[in-house]
Amino acid sequence: VLTLSDEEFIVSIRTKYDLLKEDEKMLVSNYFKLTSAESKIIRIKQDLEEELIEQVVDLIDTLPNIGHLTVNDRYLIDNITSLISQLNEESVNKIPNIMTYQIALDRIEELELEIIVSETSKVVLDMIDQLPLVKNITLEDEEEDLEYLMWELEQLNEQNPKGNSQSWDL
(Lines give C-alpha, C1' and ligand atoms only; values in the text may rest on other atoms or scores of the structure.)
Protein backbone atom coordinates (compact mmCIF):
# COMPACT_ATOMS: atom_id res chain seq x y z
CA VAL A 1 0.00 0.00 0.00
CA LEU A 2 1.36 3.36 -1.05
CA THR A 3 1.43 6.09 1.60
CA LEU A 4 2.62 9.66 1.85
CA SER A 5 5.78 8.40 3.54
CA ASP A 6 6.74 6.86 0.18
CA GLU A 7 6.84 10.26 -1.53
CA GLU A 8 10.56 10.86 -1.02
CA PHE A 9 11.37 7.45 -2.54
CA ILE A 10 9.09 8.10 -5.51
CA VAL A 11 10.68 11.51 -6.09
CA SER A 12 14.14 9.95 -6.04
CA ILE A 13 13.02 7.35 -8.62
CA ARG A 14 11.60 10.16 -10.81
CA THR A 15 14.88 12.08 -10.54
CA LYS A 16 16.87 9.04 -11.60
CA TYR A 17 14.48 8.27 -14.43
CA ASP A 18 14.70 11.85 -15.72
CA LEU A 19 18.51 11.55 -15.83
CA LEU A 20 18.30 8.62 -18.22
CA LYS A 21 18.92 9.14 -21.92
CA GLU A 22 15.93 8.72 -24.20
CA ASP A 23 17.02 5.28 -25.44
CA GLU A 24 17.54 4.14 -21.82
CA LYS A 25 14.07 5.38 -20.87
CA MET A 26 12.63 3.11 -23.57
CA LEU A 27 14.04 0.13 -21.66
CA VAL A 28 12.05 0.97 -18.52
CA SER A 29 9.03 -1.24 -19.08
CA ASN A 30 7.31 -0.45 -15.78
CA TYR A 31 7.29 3.33 -16.17
CA PHE A 32 3.50 3.32 -15.76
CA LYS A 33 4.04 2.11 -12.17
CA LEU A 34 6.04 5.27 -11.42
CA THR A 35 3.44 7.59 -12.92
CA SER A 36 0.68 5.72 -11.07
CA ALA A 37 2.57 6.11 -7.80
CA GLU A 38 3.08 9.83 -8.46
CA SER A 39 -0.64 10.26 -9.18
CA LYS A 40 -1.55 8.37 -6.01
CA ILE A 41 0.73 10.61 -3.92
CA ILE A 42 -0.91 13.69 -5.44
CA ARG A 43 -4.38 12.30 -4.58
CA ILE A 44 -3.29 11.47 -1.02
CA LYS A 45 -1.96 15.00 -0.55
CA GLN A 46 -5.15 16.52 -1.97
CA ASP A 47 -7.28 14.38 0.36
CA LEU A 48 -5.18 15.41 3.35
CA GLU A 49 -5.44 19.06 2.31
CA GLU A 50 -9.22 18.80 2.02
CA GLU A 51 -9.44 17.15 5.45
CA LEU A 52 -7.28 19.89 6.95
CA ILE A 53 -9.40 22.62 5.34
CA GLU A 54 -12.52 20.93 6.72
CA GLN A 55 -10.98 20.82 10.21
CA VAL A 56 -10.15 24.52 10.02
CA VAL A 57 -13.66 25.42 8.83
CA ASP A 58 -15.20 23.36 11.65
CA LEU A 59 -12.97 24.96 14.28
CA ILE A 60 -13.72 28.45 13.01
CA ASP A 61 -17.42 27.60 13.24
CA THR A 62 -16.94 26.82 16.95
CA LEU A 63 -15.61 30.33 17.69
CA PRO A 64 -17.94 32.43 19.83
CA ASN A 65 -19.55 35.52 18.33
CA ILE A 66 -17.14 38.44 18.21
CA GLY A 67 -18.96 40.11 21.10
CA HIS A 68 -18.56 37.03 23.27
CA LEU A 69 -14.87 36.37 22.59
CA THR A 70 -12.59 36.45 25.62
CA VAL A 71 -8.87 36.03 26.07
CA ASN A 72 -9.70 32.48 27.20
CA ASP A 73 -10.53 31.73 23.55
CA ARG A 74 -6.87 32.26 22.64
CA TYR A 75 -6.23 28.49 22.76
CA LEU A 76 -8.84 27.94 20.02
CA ILE A 77 -7.36 30.73 17.88
CA ASP A 78 -3.90 29.21 18.37
CA ASN A 79 -5.17 25.77 17.28
CA ILE A 80 -6.70 27.26 14.15
CA THR A 81 -3.53 29.23 13.44
CA SER A 82 -1.46 26.08 13.78
CA LEU A 83 -3.63 24.22 11.27
CA ILE A 84 -3.69 27.14 8.83
CA SER A 85 0.11 27.33 8.93
CA GLN A 86 0.19 23.83 7.42
CA LEU A 87 -1.69 25.02 4.34
CA ASN A 88 -0.35 26.87 1.33
CA GLU A 89 -1.90 30.18 0.25
CA GLU A 90 -4.11 28.55 -2.37
CA SER A 91 -5.55 26.18 0.23
CA VAL A 92 -6.12 28.99 2.74
CA ASN A 93 -8.13 30.79 0.05
CA LYS A 94 -10.45 27.77 -0.06
CA ILE A 95 -11.53 28.35 3.57
CA PRO A 96 -14.93 30.05 3.23
CA ASN A 97 -14.99 31.45 6.78
CA ILE A 98 -11.36 32.63 6.96
CA MET A 99 -12.48 36.24 7.55
CA THR A 100 -14.33 35.14 10.69
CA TYR A 101 -11.05 33.69 11.96
CA GLN A 102 -9.12 36.87 11.06
CA ILE A 103 -11.66 39.08 12.82
CA ALA A 104 -11.57 36.84 15.90
CA LEU A 105 -7.76 36.84 15.90
CA ASP A 106 -7.70 40.65 15.70
CA ARG A 107 -10.26 40.89 18.53
CA ILE A 108 -8.29 38.50 20.77
CA GLU A 109 -5.17 40.59 20.20
CA GLU A 110 -7.13 43.75 21.08
CA LEU A 111 -8.42 42.13 24.27
CA GLU A 112 -4.92 41.05 25.25
CA LEU A 113 -3.62 44.57 24.63
CA GLU A 114 -6.44 46.01 26.73
CA ILE A 115 -5.38 43.76 29.60
CA ILE A 116 -1.75 44.87 29.27
CA VAL A 117 -2.78 48.53 29.20
CA SER A 118 -5.15 48.01 32.12
CA GLU A 119 -2.46 46.28 34.18
CA THR A 120 0.09 48.97 33.31
CA SER A 121 -2.46 51.66 34.20
CA LYS A 122 -3.01 50.05 37.59
CA VAL A 123 0.74 49.91 38.24
CA VAL A 124 1.09 53.59 37.33
CA LEU A 125 -1.93 54.60 39.40
CA ASP A 126 -0.55 52.68 42.39
CA MET A 127 2.84 54.35 41.93
CA ILE A 128 1.22 57.77 41.76
CA ASP A 129 -0.71 57.02 44.95
CA GLN A 130 2.63 56.29 46.65
CA LEU A 131 4.07 59.68 45.68
CA PRO A 132 4.17 62.28 48.41
CA LEU A 133 1.96 65.28 47.90
CA VAL A 134 3.67 67.92 45.79
CA LYS A 135 3.85 70.29 48.76
CA ASN A 136 5.55 67.51 50.78
CA ILE A 137 8.26 66.59 48.27
CA THR A 138 11.72 67.18 49.66
CA LEU A 139 15.17 67.03 48.18
CA GLU A 140 15.62 63.65 49.86
CA ASP A 141 12.96 62.13 47.59
CA GLU A 142 14.68 59.92 45.07
CA GLU A 143 14.86 61.31 41.59
CA GLU A 144 14.95 57.70 40.38
CA ASP A 145 11.39 57.12 41.60
CA LEU A 146 10.11 60.05 39.61
CA GLU A 147 12.11 59.04 36.53
CA TYR A 148 10.75 55.49 36.77
CA LEU A 149 7.22 56.83 37.01
CA MET A 150 7.79 58.95 33.91
CA TRP A 151 9.15 55.89 32.10
CA GLU A 152 6.05 53.87 33.09
CA LEU A 153 3.81 56.63 31.75
CA GLU A 154 5.73 56.62 28.45
CA GLN A 155 5.29 52.83 28.23
CA LEU A 156 1.58 53.17 28.86
CA ASN A 157 1.23 55.79 26.12
CA GLU A 158 3.14 53.56 23.68
CA GLN A 159 0.86 50.60 24.46
CA ASN A 160 -2.27 52.66 24.08
CA PRO A 161 -4.50 50.72 21.60
CA LYS A 162 -5.42 52.29 18.28
CA GLY A 163 -8.55 54.31 18.45
CA ASN A 164 -8.11 55.04 22.17
CA SER A 165 -7.35 58.72 22.42
CA GLN A 166 -6.63 58.58 26.14
CA SER A 167 -3.06 59.44 27.05
CA TRP A 168 -1.43 59.79 30.40
CA ASP A 169 0.38 62.89 31.52
CA LEU A 170 1.97 63.70 34.82
Side-chain angles (χ1 to χ4, degrees), residues 1-20 22 25 28-126 151-169:
V1 173
L2 191 66
T3 67
L4 193 57
S5 62
D6 298 315
E7 181 180 25
E8 188 175 321
F9 180 62
I10 293 167
V11 168
S12 72
I13 294 171
R14 166 55 72 186
T15 302
K16 289 175 182 159
Y17 176 82
D18 289 345
L19 292 174
L20 294 175
E22 287 304 316
K25 288 180 181 179
V28 179
S29 60
N30 59 353
Y31 176 71
F32 71 93
K33 194 172 181 181
L34 173 61
T35 58
S36 293
E38 290 172 325
S39 295
K40 178 70 175 171
I41 291 294
I42 289 170
R43 282 192 305 277
I44 290 171
K45 290 170 92 173
Q46 287 171 339
D47 290 346
L48 289 172
E49 175 188 307
E50 288 173 16
E51 288 175 24
L52 191 55
I53 289 171
E54 188 175 316
Q55 282 181 316
V56 170
V57 169
D58 291 345
L59 276 175
I60 291 172
D61 285 343
T62 66
L63 285 169
N65 264 337
I66 194 77
H68 294 101
L69 272 174
T70 68
V71 291
N72 295 329
D73 296 311
R74 172 51 100 170
Y75 75 95
L76 187 54
I77 293 290
D78 288 344
N79 287 341
I80 295 168
T81 302
S82 175
L83 292 175
I84 289 174
S85 71
Q86 298 173 42
L87 296 170
N88 60 36
E89 187 176 338
E90 182 181 329
S91 297
V92 170
N93 290 334
K94 293 178 182 177
I95 301 171
N97 55 356
I98 192 71
M99 287 306 298
T100 301
Y101 157 77
Q102 189 59 54
I103 291 168
L105 174 63
D106 292 346
R107 180 62 184 141
I108 290 289
E109 290 173 352
E110 287 173 10
L111 291 170
E112 290 171 340
L113 183 59
E114 286 173 12
I115 288 172
I116 291 170
V117 170
S118 175
E119 289 172 354
T120 305
S121 297
K122 185 175 178 346
V123 167
V124 171
L125 290 173
D126 289 345
W151 179 83
E152 283 288 336
L153 287 171
E154 286 174 19
Q155 297 305 308
L156 182 59
N157 283 331
E158 288 175 11
Q159 294 174 357
N160 205 358
K162 292 179 181 173
N164 184 350
S165 61
Q166 180 179 13
S167 64
W168 302 90
D169 295 312

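Count residues from 1 along the sequence. Below, all heavy atoms of this structure are taken into account, side chains as well, without hydrogens, waters or symmetry copies.
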For Thr15 and Val11, indicate whether the former's side chain and the latter's backbone hold a donor-acceptor pair under 3.5 Å.
yes
Minimum heavy-atom distance between Leu20 and Lys25, given as atom pair plus value
O-CE, 3.3 Å
Do Asp18 and Arg14 pass the salt bridge (charged side-chain N to carboxylate O under 4.0 Å, His left out) test, and can you show the C-alpha distance, the side-chain angles, and the key distance before you say yes or no?
CA-CA 6 Å; Asp18 289 345; Arg14 166 55 72 186; 3.2 Å; yes
Within this structure, what is the CD1-CG distance for the pair Ile108 and Leu113, rounded to the nearest 0.5 Å?
13.0 Å
When rounded to the nearest 0.5 angstrom, what distance separates CG in Leu87 from CG in Leu52?
4.0 Å
Side-chain contact, heavy-atom cut-off 4.5 Å: Arg74 with Leu105?
yes
I need the Leu4 CG to Ile10 CD1 distance, nearest 0.5 Å.
9.0 Å
Strictly by modelled atom types, are Asn88 and Ser91 linked by a side-chain donor-acceptor pair under 3.5 Å?
yes
Minimum heavy-atom distance Ala104-Ile77, with the two atoms named:
CB-CD1, 3.7 Å
Find out whether Gln86 and Leu83 are in side-chain contact, i.e. whether some heavy atom of one side chain is under 4.5 Å from a heavy atom of the other.
yes
Judged by atom type as modelled, is there a donor-acceptor pair below 3.5 Å linking the side chain of Asp6 to the main-chain atoms of Thr3?
yes
If we only count heavy atoms from C-beta on, is the Leu2 to Glu7 side-chain gap below 4.5 Å?
no
List the atom pairs, donor and acceptor, that lie under 3.5 Å between side-chain atoms in residues 53-68 and the rest of the protein, sequence neighbours left out.
unit_1, atom_1, unit_2, atom_2, d
Asp61, OD1, Asn97, ND2, 2.9
Thr62, OG1, Leu59, O, 2.6

If you round to the nearest 0.5 Å, how far is CD1 of Ile41 from CD of Gln46?
11.5 Å
Candidate pair Ile84 and Tyr101, rule side chain to side chain contact (heavy atoms under 4.5 Å, CB included), full reasoning:
CA-CA 10 Å; Ile84 289 174; Tyr101 157 77; 3.7 Å; yes
Hey, what do you get for CD (Glu89) to NZ (Lys94), rounding to the nearest 0.5 Å?
12.5 Å
Quick one, Leu111 and Glu114 - any side-chain contact, counting heavy atoms below 4.5 Å?
yes
